[in-house]
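The first residue in the sequence is number 1, and the count goes up from there. Worth saying up front: this structure is predicted, and the values here are computed from it rather than measured.
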Amino acid sequence: MIEIELDGKKVEISEGSMVMHAADKAGTYIPHFCYHKKLSIAANCRMCLVDVEKMPKPMPACATPVTQGMIVRTKSDKAIKAQKSVMEFLLINHPLDCPICDQGGECQLQDLAVGYGGTSSRYEEEKRVVFHKDVGPLISMEEMSRCIHCTRCVRFGQEVAGVMELGMSHRGEHAEIETFIGQSIDSELSGNMIDICPVGALTSKPFRYSARTWELSRRKSVSPHDSTGSNLVIQVKNNKVMRVVPLENEAVNECWIADRDRFSYEALSSDDRLTAPMIKQGGEWKTVDWQTALEYVANGLKQIKANHGAKSIGALVSPHSTLEELHLAGALVRGLGSQNIDYRLRNAEFEVSDKARYLGTSIASLSHLDRVLVVGSNLRKDHPLFAQRIRQATKLGCEVSALNAQALDWALPVANTLSVPSAQWAQALADIAAAIAAEKGVVAPVAGSANATAQAIAHSLLGGERKSILLGNAAAHHAKASSLLALANWIAQQTGATVGYLTEAANTVGAQVARAVPGEGGLNAGQMLSGGLKAAILLNTEPVHDSAAGVLAAAALGQAEMVVTLSPFKTNQAFSDVLLPIAPFTETAGTFVNAEGRVQSFYAVVRPLAEARPAWKVIRVLANLLGLPGFEFESAQDVLTAMHADNGAVPEFVPATRLGNSTGSSIDVNPAVTEPVVASIYQLDGLVRRSTSLQLTADGRGVATQTSAQEARA
């Protein structure tokens with residue numbers, strides 16, 4: 001440690017740190033634009049000039065290493081004069097458009113100009129004008145004349161997103177930040193460039209000109225999409241969600257969010273929203289009141305139970321639903337005498353474990369791995385923030401290996417890629433196990449022939465200290481999923497690695513904790529989607545898009561006597577008999593459990609739209625009409641507390657005794673007969689599918705074309 005004196009105070013800081021780091025530790029603010037704690041040091045704005053004793057001129061705090069006994073003054077006349085001079089230069093060409101700038105009110109340049117800017121300018125020359133650029137549907141570069149060339153956006157793309165989509169062309173007053181040869185910005189993390197831009201040069205295209213920052217209320221929430229559980233700040237005006245930005249949580253999402261977390265809010269105000277209960281009568285949809293709709297459902301379920309037995313009733317539930325909704329859906333079905341409930345809509349194998357399968361390690365630890373093997377995942381698109389953490393680990397020397405059907409661009413260095421058809425993944429993993437067994441002189445779990453790539457992966461996993469084997473969405477949905485897990489567990493045991501599932505959805509782990517899986521004798525999702533039900537309850541899911549059955553799900557559910565859809569949207573109309581409008585995550589309280597088992601509760605940020613109601617309330621009232629006991633809940637918190645009655649309090653993490661990735665299945669390396677079904681980045685759930693801006697991105701357009709071709713073949 002090195003001790004320096006900063007504004008008269010002694011500060012201890014590690015060797016190699018910069019003055020800016022010491023100031024952060026001491027709680028001293030030094031004005032800056034280009035410096036960002038998550039990015040490399042550029043030292044090109046010069047706003048952080050400070051007075052360092054024995055230095056002839058002010059020095060940039062962000063790029064000046066600390067030395068033993070250094071004396072730094074951040075508020076001396078010399079420092080303040082230098083900072084004001086830099087501000088004067090920055091404002092020479094800056095347009096005077098604060099009144100119409102979307103960044104007004106939360107602009108670093110605006111804030112610092114108050115303290116360090118002059119009341120008038122000595123420069124009378126014409127200000128430069130930079131032509132606007134179209135870089136896609138998410139980011140607006142309409143006012144690049146505001147750019148101060150801090151290069152934060154350039155460094156973010158290169159260092160965090162892994163794709164250098166922006167760069168600086170030309171020099172001097174002709175310098176511009178732009179994409180090259182007219183390309184769009186297509187990174188799945190691109191929206192973070194808006195947050196880190198210290199001026200109004202990069203703004204949100206969907207949010208543009210829709211509200212001013214001081215008109216917005218800010219409320220905390222949790223992302224309902226992938227399994228990161230990103231912490232969000234949702235900004236609201238007149239009971240409408242206007243914008244979503246990250247809430248910093250170093251242990252979960254750091255200070256970033258994926259684009260689907262940021263822009264999926266557009267779906268909340270789409271024309272597709274279901275605003276009142278509807279019943280199909282004579283092939284026509286009729287709007288009814290809640291009492292009529294719920295009595296119709298209750299009477300229908302009673303009649304079907306009487307005619308066909310309770311086992312003919314089942315529920316297909318979404319892993320994007322809250323813990324409370326999933327728990328009550330399970331209690332409702334089981335209260336009727338059925339064990340037919342499942343969240344694993346895209347799975348091909350349905351092994352039920354007594355423990356919830358999860359990441360197997362902490363999310364934060366992904367940034368510090370030495371070795372990692374990813375099996376069956378398009379890591380960058382399926383889990384953008386996990387990929388970002390592993391990308392940071394590679395900068396520290398982590399070796400990444402991949403087993404996939406094809407080599408994929410993860411925007412990070414992949415040391416070894418084993419590309420084999422998904423049908424042969426179990427054998428490929430067995431080959432890696434055989435290579436490890438040969439190196440260690442132990443008996444392999446099954447026979448395998450270690451090829452050069454399998455040997456390279458084995459050699460990699462036997463090195464390093466912090467290691468993990470991560471099974472992706474395709475591995476979880478694979479027809480040989482339990483064999484893949486058994487092989488991964490054997491490899492981990494021999495190499496000292498952890499084993500975990502990246503897990504598909506915001507509440508995949510929570511769905512297991514809530515026991516949203518069939519009990520003894522119950523039908524799994526595959527069986528229910530093959531026509532095994534007379535009455536189906538669909539909670540927050542669209543089986544045609546969300547299940548492995550795809551378009552065949554419509555025909556199977558069409559055979560049922562009653563299909564009840566609980567959804568925020570007008571959907572499933574071809575085969576449903578009742579549509580019940582439920583609140584999306586912004587309009588209800590609830591809890592998600594992310595991939596590492598972290599329990600995160602949130603509250604509604606706006607009132608439910610029109611007649612929509614929180615799903616847990618709808619299920620509770622329906623259970624009351626059915627005469628089922630144990631549904632006397634007044635709030636979502638009551639449901640959550642009841643779930644954890646044994647512990648007395650809701651834990652921060654799911655207890656370790658309830659988490660585990662073990663399997664009792666034997667290993668079968670015969671080729672799988674079906675392909676695993678995996679949702680693409682902007683088809684994961686109903687919200688992202690209805691976000692216009694996300695569907696206009698390169699990823700959204702590409703999948704739309706692919707889906708159309710698949711449907712035509714079907």
Residue pair [X] / [Y], side-chain heavy-atom distance below 4.5 Å:
| X | Y | answer |
| --- | --- | --- |
| Val420 | Leu403 | yes |
| Trp256 | Leu189 | no |
| Asn572 | Ser567 | no |
| Leu326 | Val513 | no |
| Glu188 | Lys381 | yes |
| Thr663 | Arg357 | yes |
| Glu504 | Leu684 | yes |
| Leu359 | Leu470 | yes |

Hey, are [Y] and [X] close enough side-chain-wise for a donor-acceptor pair under 3.5 Å?
| X | Y | value |
| --- | --- | --- |
| Gln392 | Ser367 | no |
| Ser576 | Thr565 | yes |
| Thr361 | Ser365 | yes |

Where is the tightest heavy-atom contact between [X] and [Y], given as atom of each residue plus distance?
| X | Y | value |
| --- | --- | --- |
| Ile469 | Ala497 | CG1-CB, 4.3 Å |
| Phe386 | Ser227 | CE1-OG, 3.6 Å |
| Ala474 | Pro676 | O-CB, 3.4 Å |
| Ala553 | Ser547 | CB-OG, 4.0 Å |
| Ser321 | Asn540 | OG-CB, 3.4 Å |
| Ser187 | Ala161 | OG-CB, 3.5 Å |

(Q) Does Thr508 form a side chain to side chain donor-acceptor pair (under 3.5 Å) with Thr503? I'd like the steps, not just the answer. (A) CA-CA 6 Å; Thr508 299; Thr503 73; 4.9 Å; no
Go through the structure and list residues passing side-chain hydrogen bond (donor to acceptor under 3.5 Å, both in side chains) with [X], not counting sequence neighbours.
| X | result |
| --- | --- |
| Asp186 | Ser184 |
| Gln424 | none |
| Asn340 | Ser338 |
| Ser377 | none |

Pairs involving [range], ordered by first then second residue, that meet ring pair (Phe, Tyr, Trp, His ring centres under 6.0 Å) (sequence neighbours left out):
| range | result |
| --- | --- |
| residues 496-518 | none |
| residues 343-369 | none |
| residues 406-458 | Trp425-His478 |

Problem - Set of residues satisfying ring pair (Phe, Tyr, Trp, His ring centres under 6.0 Å) with respect to Phe585, sequence neighbours excluded - result: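 With neighbours one apart ignored, the set is empty.
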For His477, give me all partners under ring pair (Phe, Tyr, Trp, His ring centres under 6.0 Å), at least two apart in sequence or on another chain.
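Per chain and number, His477 pairs via ring pair (Phe, Tyr, Trp, His ring centres under 6.0 Å) with no residue.
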Could you check whether any side-chain N or O of [X] sits under 3.5 Å from a backbone N or O of [Y], counting only pairs where one atom can act as donor and the other as acceptor?
| X | Y | answer |
| --- | --- | --- |
| Asn416 | Thr453 | no |
| Asp259 | Ser190 | yes |
| Gln695 | Val688 | yes |
| Ser312 | Lys534 | no |
| Asp342 | Leu523 | no |
| Arg344 | Glu351 | yes |
| Lys467 | Gly496 | no |
| Arg346 | Ala548 | no |
| Glu324 | Thr591 | yes |
| Asn507 | His320 | no |

Stepwise salt bridge (charged side-chain N to carboxylate O under 4.0 Å, His left out) test for Arg260 and Asp685: CA-CA 10 Å; Arg260 63 183 167 200; Asp685 57 69; over 6 Å; no
What's the spacing between [X] [atom1] and [Y] [atom2] if we round to 0.5 Å?
| X | Y | atom1 | atom2 | result |
| --- | --- | --- | --- | --- |
| Ser318 | Glu325 | OG | CD | 9.0 Å |
| Leu336 | Ile304 | CG | CD1 | 10.5 Å |
| Asn253 | Asn231 | CG | CG | 5.0 Å |
| Asn670 | Ile667 | CG | CD1 | 12.5 Å |

query = After noting the C-alpha distance and the side-chain angles of Ile436 and Leu462, does the key distance pass the side chain to side chain contact (heavy atoms under 4.5 Å, CB included) rule?
reply = CA-CA 8 Å; Ile436 291 171; Leu462 287 167; 4.3 Å; yes
| query | So among Thr228, Val654, Val509, Ile363, which one has a side chain to side chain contact (heavy atoms under 4.5 Å, CB included) with Glu596? | reply |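 Exactly one candidate clears the test, Ile363.
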Quiz prompt | Step-by-step side chain to side chain donor-acceptor pair (under 3.5 Å) determination, Asp431 to Gln427 | solution = CA-CA 6 Å; Asp431 292 345; Gln427 183 60 61; 3.0 Å; yes
Please list all pairs meeting side-chain hydrogen bond (donor to acceptor under 3.5 Å, both in side chains) that have one or both residues in residues 550-563, counting only residues at least two apart or in different chains.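 For residues 550-563: His308-Glu561.
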Practice item. Please determine if Asp272 and Lys570 form a salt bridge, counting it only when a charged side-chain N lies under 4.0 Å from a carboxylate O. Key: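 No.
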Check the pair Val564, Leu566 against side chain to side chain contact (heavy atoms under 4.5 Å, CB included), reporting the backbone distance first and the verdict last. CA-CA 7 Å; Val564 182; Leu566 289 77; 3.9 Å; yes
Next item on the list: Only counting residues at least two apart or in another chain, list the ones meeting salt bridge (charged side-chain N to carboxylate O under 4.0 Å, His left out) with Glu542.
Entry: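 Salt bridge (charged side-chain N to carboxylate O under 4.0 Å, His left out) check on Glu542 returns Arg689, Arg690.
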Identify, with sequence neighbours excluded, every residue that meets salt bridge (charged side-chain N to carboxylate O under 4.0 Å, His left out) alongside Glu399.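 Residues passing salt bridge (charged side-chain N to carboxylate O under 4.0 Å, His left out) with Glu399: Arg371.
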Item to complete: Dump the intermediate steps for side chain to side chain contact (heavy atoms under 4.5 Å, CB included) on Asp699 and Ser680, then the final yes or no.
Response: CA-CA 8 Å; Asp699 283 322; Ser680 63; over 6 Å; no
